[in-house]
Undergrad: 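Quick one: the structure is below, and I'll ask about it shortly.
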Amino acid sequence: MMGRRGFVTGAAGVFAARGVSFAPGETERVLRGTLPPGSPDYVYLPVEVPRGVREIRVSYAYERPAVPPGTQGNALDIGVFDERGTELGGRGFRGWSGGARTEFFLRADDATPGYLPGPVRAGTWHIVLGPYTVAPGGLPYTVTVRLAYGPSGPVRTPVYPPDRARGRGRAWYRGDCHLHSVHSDGLRTPAEVAAAARAAGLDFINTSEHNTHAGHRAWEGLWGDDLLILTGEEVTTRSGHVVAVGTDPGTFVDWRYRARDNRFGRFAREIRRAGGLVVPAHPHATCVGCAWKFGFGDADAVEVWNGPYTPDDEVALADWDGTLAAGRRFVPAVGGSDAHREPQRVGEPQTVVLADDLTREAVLAGLRAGRSYVAESAAVSLALSATGGRGVRAGIGDRLAVPAGTPVTVRLDVTGAPGCTVRFVTDQGTLHTVALPASGTGTATWTTTPAYAAHVRAEVRHPAAVPGLPGALAAFTNPVFLGAPQRPVGSSA
């Protein structure tokens, strides 16, 4: 059959992609082409699927020539949309594996991880190619589409995690909101992720696969009274990544736009309508397309600590600290492991949140309000409070509403941080430092006034590896605000 021309989206320019049509009973077609430098973000290859198909299977390959130092080589992502179309919003979305796999399949009762099982209906499907980077000589690719015919199998009803676990009532709960499994580019199975979460002392996790919600249905039998599993997505755009935390199971969030397209607000609202939080991830990461470019007006929280502590996290922490000092809308800080495979550790770091119970609603409410701190492991525990006036007391994320000249005592109790130092940080910077006992368990206090410190937060740091530079974080808290309110604390855009 004659090839058909496809189309492109996501960047200026013109590029024609050739698709294929299958004759009835035909089982295999091959598509070849070359993507030039400066290719659009997404290239759609139309595939005419006839009636009577039971399974579609796609494999692909592309050339990866050597390039000079400092020059980007070839990297090509892949996914698929069914006959319902490719319109932004994802009605026809059936799966995405990025660059993690070289082949995938779909049928009614099963699919490759990262892809949605379901009937293979007749019509125009689209293989979507995402040229992440293109070498100067172009990106030659080959896509092979295979069809299997016969009666469609039964469609499985997805089983999603419940929205509550047993819990301990109002308490501090430990969680990791940024994780990957084999359902995107991770190497751990959901069972291995759940086991690692329990071993790390976590009470909850959030599934956050890149650009797919197919993994929401993969956790059957893995939750329990001791582990709450939230469902979400890492929306991986070309202008930064955002973790959707705790959305309704089965919620898909599209990623096919850049900051210049002025579309992110629409999808931030979709995340909230689905009950979730909008959390920009690793905002100062240096990988291509990873740094956050959308601004924080639509954010409910921001991930300032991603995996083992690095200079990227130090920059993110300082940037977030600047927003607090500027008196802008309070966007709480969180941390997440972004763990994909061994030896990356689930729960390094982890966000510890004060919640009314171990439920999706209560955990998200605590995160949204900033009643949380971030710790490198379950060994580290913090308790920060501010007391002033006639014994009035406030904790992390709260406001101590006392007159500007009122003496306020800030107290941090620490366990599990041997060799570390406590720093009290305000809108003026670090104003008080206390060395912890060798055991790592101790208390640090400092007295100030709301006139001198609009807020106080605490950091616990390891000894500096390089003289003159701060040591890596062991833990840090969201702030306690002091004095009369000047901005909405814990509100969302």
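Just so it is clear, the values below take in all heavy atoms, side chains as well, and ignore hydrogens, waters and symmetry mates. The shown structure was predicted, so the numbers you read here are calculated from the model rather than taken from an experiment.
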Undergrad: Can you name the residues that form a side chain to side chain contact (heavy atoms under 4.5 Å, CB included) with Arg51, not counting sequence neighbours?
TA: Ala122

Undergrad: Which residues pass the salt bridge (charged side-chain N to carboxylate O under 4.0 Å, His left out) test with Asp185, not counting sequence neighbours?
TA: none

Undergrad: Ion pair present between Arg91 and Glu87, side-chain N to carboxylate O less than 4.0 angstrom?
TA: no

Undergrad: What residues, two or more places apart in sequence or in another chain, satisfy ring pair (Phe, Tyr, Trp, His ring centres under 6.0 Å) together with Phe204?
TA: none

Undergrad: Got a sec, which residues hit side chain to side chain contact (heavy atoms under 4.5 Å, CB included) with Pro117, two or more places apart in sequence or on another chain?
TA: Ala111, Arg217

Undergrad: The criterion is ring pair (Phe, Tyr, Trp, His ring centres under 6.0 Å); which residues satisfy it with His180, sequence neighbours excluded?
TA: His178, His210, His340

Undergrad: Scan residues 351-378 for pairs that pass ring pair (Phe, Tyr, Trp, His ring centres under 6.0 Å), counting only residues two or more places apart or in two chains.
TA: Trp172-Tyr373

Undergrad: Of all residues at least two apart in sequence or in a different chain, which pass the side chain to side chain donor-acceptor pair (under 3.5 Å) check with Asp110?
TA: none

Undergrad: According to side chain to side chain donor-acceptor pair (under 3.5 Å), who are the partners of Asp77, at least two apart in sequence or on a separate chain?
TA: none

Undergrad: If you take the centroid of each ring, where Trp contributes its six-membered ring, are Phe105 and Tyr115 closer together than 6.0 Å?
TA: no

Undergrad: Strictly by modelled atom types, are His284 and Glu314 linked by a side-chain donor-acceptor pair under 3.5 Å?
TA: no

Undergrad: Minimum heavy-atom separation for Asp248 and Arg273, please, with both atom names.
TA: OD2-O, 4.4 Å

Undergrad: Centre-to-centre under 6.0 Å for Phe81 and His126, is that the case here?
TA: no

Undergrad: Output all residues satisfying side chain to side chain donor-acceptor pair (under 3.5 Å) with Glu55, sequence neighbours left out; order by chain, then residue number.
TA: Arg57, Arg107

Undergrad: Sequence neighbours left out, what pairs pass side-chain hydrogen bond (donor to acceptor under 3.5 Å, both in side chains) with at least one residue falling in residues 346-356?
TA: Arg170-Asp356, Arg174-Gln350, Arg345-Glu348

Undergrad: Check whether more than 12 heavy atoms from other residues, nucleotides or ligands sit under 6.0 Å from atom CZ of Arg166, and answer yes or no.
TA: no

Undergrad: Do we see a donor-acceptor contact under 3.5 Å between the side chains of His241 and Glu234?
TA: yes

Undergrad: Sequence neighbours left out, what passes side chain to side chain donor-acceptor pair (under 3.5 Å) with Arg341? Give chain and number order.
TA: none

Undergrad: Can you find a side-chain donor-acceptor pair between Asp313 and Thr310 that sits under 3.5 Å?
TA: yes

Undergrad: What I want to check is whether the side chains of Trp255 and Tyr42 have a donor and an acceptor closer together than 3.5 Å.
TA: yes

Undergrad: Could you go through the side-chain contact (heavy atoms from CB on, under 4.5 Å) check for Tyr141 and Leu76 one step at a time?
TA: CA-CA 9 Å; Tyr141 66 85; Leu76 184 64; 4.0 Å; yes

Undergrad: Taking side chain to side chain contact (heavy atoms under 4.5 Å, CB included) as the test, write out the residues that go with Pro311, two or more places apart.
TA: none

Undergrad: Within this structure, what is the CG-OG distance for the pair Asn211 and Ser184, rounded to the nearest 0.5 Å?
TA: 9.0 Å

Undergrad: I want to know whether Tyr160 and Trp223 have ring centres closer than 6.0 Å.
TA: no

Undergrad: Nearest 0.5 Å please: distance from the OG1 atom of Thr144 over to the CD atom of Glu28.
TA: 6.0 Å

